[in-house]
Amino acid sequence: MQLLSEVPARPYEVNSIPLEIEKVELRTVRLKLNEPFETSFGSIDSRLIFLVSVTAEGKTGWGEVVASEEPHYSYETAGTATHVIRDFLAPAMISDRVADLTDLAIRFSSFRGHNMAKAGLELAYMDLLGQVTGQSLSQLIGGTRSNIAVGVSLGIQPSFEKLLDRINRYLSLGYRRIKLKIKPGWDIGIVREVRRHHPDIVLSVDANSAYTISDEAYLKQLDDFRLLMIEQPLNHDDLIDHARFQSVMRTAICLDESITGIHRTQQALDLKSCRIINIKIGRVGGYSQALAIHDTCHARKIPVWCGGMLESGIGRAHNIALASLPGFELPGDISASSRYFARDVITPEVTVSPDGIVEVPTGSGIGFEVDLDYINAMTQTVERIEN
Ligand code: OSB
Ligand code: MG
């Protein structure tokens, strides 16, 4: 087994320069979704985008807090993240020069939980560091891919016909993997029919914790459909029941909600709770944890892939950088901007090639232009925390 210490030092570890953060700015921007997104939690038709920017040396770095308005996917909300950033995290960040990402992560680690709030600031810091040092995010974190393969996550639809229509549309746009959201009543029958129409596509399902281990015999039927994986079928913070379920399933279980950091990752792998891990930078608390999870999984030959949270282009740009790491062997939930919004907050917007590929940008920081005019026009609230 490869030891963590054998992972080569990352450029940000070698080349960081201390940054005195002068200002942290929090904004909310509401973007209408092109189509409603329904999961086992319910349906939304717009996304409250929570942007964070940090300023030093005349440059501004951008991040995104992926928390939703309501605490369904996780206990965090835009409201809790505002409180925790304003009252705890931003003061810790601006109290003293930030030496490097590890310094920042150590300061944040004295506050328990609130990973999405922490991640928002880590993202903004890393964009800023990239701009100051003239490196792209992918370069800073040791990315090895110049382009990444992507899939699409399809919400629960009003009818099977509508779902089939969406699947056909995204296949024709080039997406390399179709993920179906499932819940009780929209599961085995739907998956069976999709497989009948599309015997050969790469297909997975995501239950967002809609089942319990008492559904084991019922869910076992999913083994018939040659799925790439079953994402987070059971309780949102469980590892034990998933280990039992994985032991009776041929299909790989992938954990999303249950993996909140490196410690949980090690436990999940030791318990054999899953064979695949979905990494979302927000859910795990930022780059520091996401990179550690990636390294551990890569060393233990566990494939990882980049999850999505219906981010704006700013969060999406960070996801693209993360997915350029070598262990990201499966297509990410990183769709084109146009799949979510009529207009994105970055230029150029994210596009997917006809063969399901997104290019990793090479410009410094996030590598996209932040469209401040559009952001200002759409901003609902702004708050500044200054040194
Ligand atoms: O479970 O992966 C999830 C969106 C919001 C909350 C949770 C999830 C999702 C998605 C969408 O599946 C992925 C995307 O396209 O951003
Ligand atoms: Mg998921």
Side-chain angles (χ1 to χ4, degrees), residues 2 4 7 10 12 63-67 73-74 76 101 105 108 113-120 122-123 126 137-138 140-145 148-153 176-177 179 204 206 208-209 228-232 236-237 239 242 252-270 273-311 314-335 358 360 366:
Q2 188 189 20
L4 258 185
V7 174
R10 295 202 156 82
Y12 81 81
E64 182 165 343
V65 174
V66 298
Y73 171 80
S74 105
E76 289 189 85
L101 179 66
F108 289 171
H114 297 281
N115 284 349
M116 294 176 182
K118 290 172 180 170
E122 278 202 10
L123 264 52
M126 288 293 274
L137 279 172
S138 172
L140 272 184
I141 63 173
T144 53
R145 299 170 198 273
I148 58 174
V150 300
V152 68
S153 169
R176 300 237 183 147
R177 180 267 291 140
K179 164 172 136 182
S204 69
D206 183 359
N208 288 112
S209 303
L228 177 63
M229 68 185 94
I230 303 170
E231 188 177 338
Q232 196 73 35
H236 72 95
D237 64 357
L239 297 177
H242 281 101
I253 305 302
C254 168
L255 290 177
D256 173 350
E257 284 90 329
S258 290
I259 302 296
T260 50
I262 180 62
H263 183 64
R264 298 275 290 172
T265 302
Q266 285 158 344
Q267 291 181 320
L269 300 187
D270 289 349
S273 307
C274 61
R275 291 192 209 129
I276 298 176
I277 284 183
N278 161 325
I279 302 183
K280 291 180 181 168
I281 323 180
R283 192 193 67 230
V284 303
Y287 278 109
S288 50
Q289 289 285 317
L291 296 173
I293 295 169
H294 164 270
D295 294 349
T296 292
C297 289
H298 200 45
R300 294 174 69 159
K301 300 197 161 43
I302 296 291
V304 300
W305 57 283
C306 183
M309 291 290 292
L310 310 175
E311 292 91 344
I314 289 174
R316 195 168 306 284
H318 286 279
N319 289 344
I320 293 168
L322 186 72
S324 73
L325 291 169
F328 284 77
E329 287 164 18
L330 300 170
D333 274 346
I334 303 174
S335 305
V358 169
V360 178
I366 62 172

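Numbers for residues simply follow the sequence, beginning at 1.
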Could you pull out all residues at least two apart from Phe328 that satisfy ring pair (Phe, Tyr, Trp, His ring centres under 6.0 Å)?
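With sequence neighbours excluded, Phe328 shows a ring pair (Phe, Tyr, Trp, His ring centres under 6.0 Å) to His294, given in chain and number order.
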
Looking at residues at least two apart in the chain, or sitting in another chain, which of them share a ring pair (Phe, Tyr, Trp, His ring centres under 6.0 Å) with Tyr287?
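Tyr287: ring pair (Phe, Tyr, Trp, His ring centres under 6.0 Å) contacts with His318.
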
Using a 4.5 Å cut-off on heavy atoms from C-beta on, say whether the side chain of [Y] contacts that of [X].
| X | Y | value |
| --- | --- | --- |
| Leu291 | Leu325 | yes |
| Arg177 | Leu330 | no |
| Arg10 | Asp295 | yes |
| Val65 | Glu76 | no |

Say you draw a straight line from [atom1] of [X] to [atom2] of [Y]; how long is it, rounded to the nearest 0.5 Å?
| X | Y | atom1 | atom2 | result |
| --- | --- | --- | --- | --- |
| Ser335 | Leu310 | OG | CG | 9.0 Å |
| Asp206 | Asp333 | CG | CG | 8.0 Å |
| Leu269 | Ile302 | CG | CD1 | 5.0 Å |
| Ile314 | Glu64 | CD1 | CD | 6.5 Å |

Would you mind listing every salt bridge (charged side-chain N to carboxylate O under 4.0 Å, His left out) that reaches into residues 320-329, with sequence neighbours excluded?
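For residues 320-329, and leaving out neighbouring residues, there are no salt bridge (charged side-chain N to carboxylate O under 4.0 Å, His left out) pairs at all.
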
What pairs of residues pass the salt bridge (charged side-chain N to carboxylate O under 4.0 Å, His left out) test when at least one of them lies in residues 258-268, not counting sequence neighbours?
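Every candidate salt bridge (charged side-chain N to carboxylate O under 4.0 Å, His left out) pair involving residues 258-268 fails, so no pair, neighbours aside, qualifies.
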
Can you give me the closest heavy-atom contact between Leu322 and Cys306, atom names plus distance?
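Nearest heavy atoms, Leu322 then Cys306: CD2-SG, 4.4 Å.
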
Side chain to side chain contact (heavy atoms under 4.5 Å, CB included) partners for Val284, two or more places apart
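Testing Val284 for side chain to side chain contact (heavy atoms under 4.5 Å, CB included), a comparison that skips the adjacent residues, returns Gln289, Ala290, Ile293.
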
Distance-only donor-acceptor pairs under 3.5 Å for side chains of residues 253-260, two or more places apart:
unit_1	atom_1	unit_2	atom_2	d
Asp256	OD1	Tyr73	OH	2.5
Asp256	OD1	Arg283	NH1	2.7
Asp256	OD2	Lys280	NZ	2.8
Glu257	OE2	Asn208	ND2	2.8
Ser258	OG	Gln232	NE2	2.9
Ser258	OG	His236	O	3.3
Ser258	OG	Asp238	N	3.4
Ser258	OG	Asp238	O	2.7

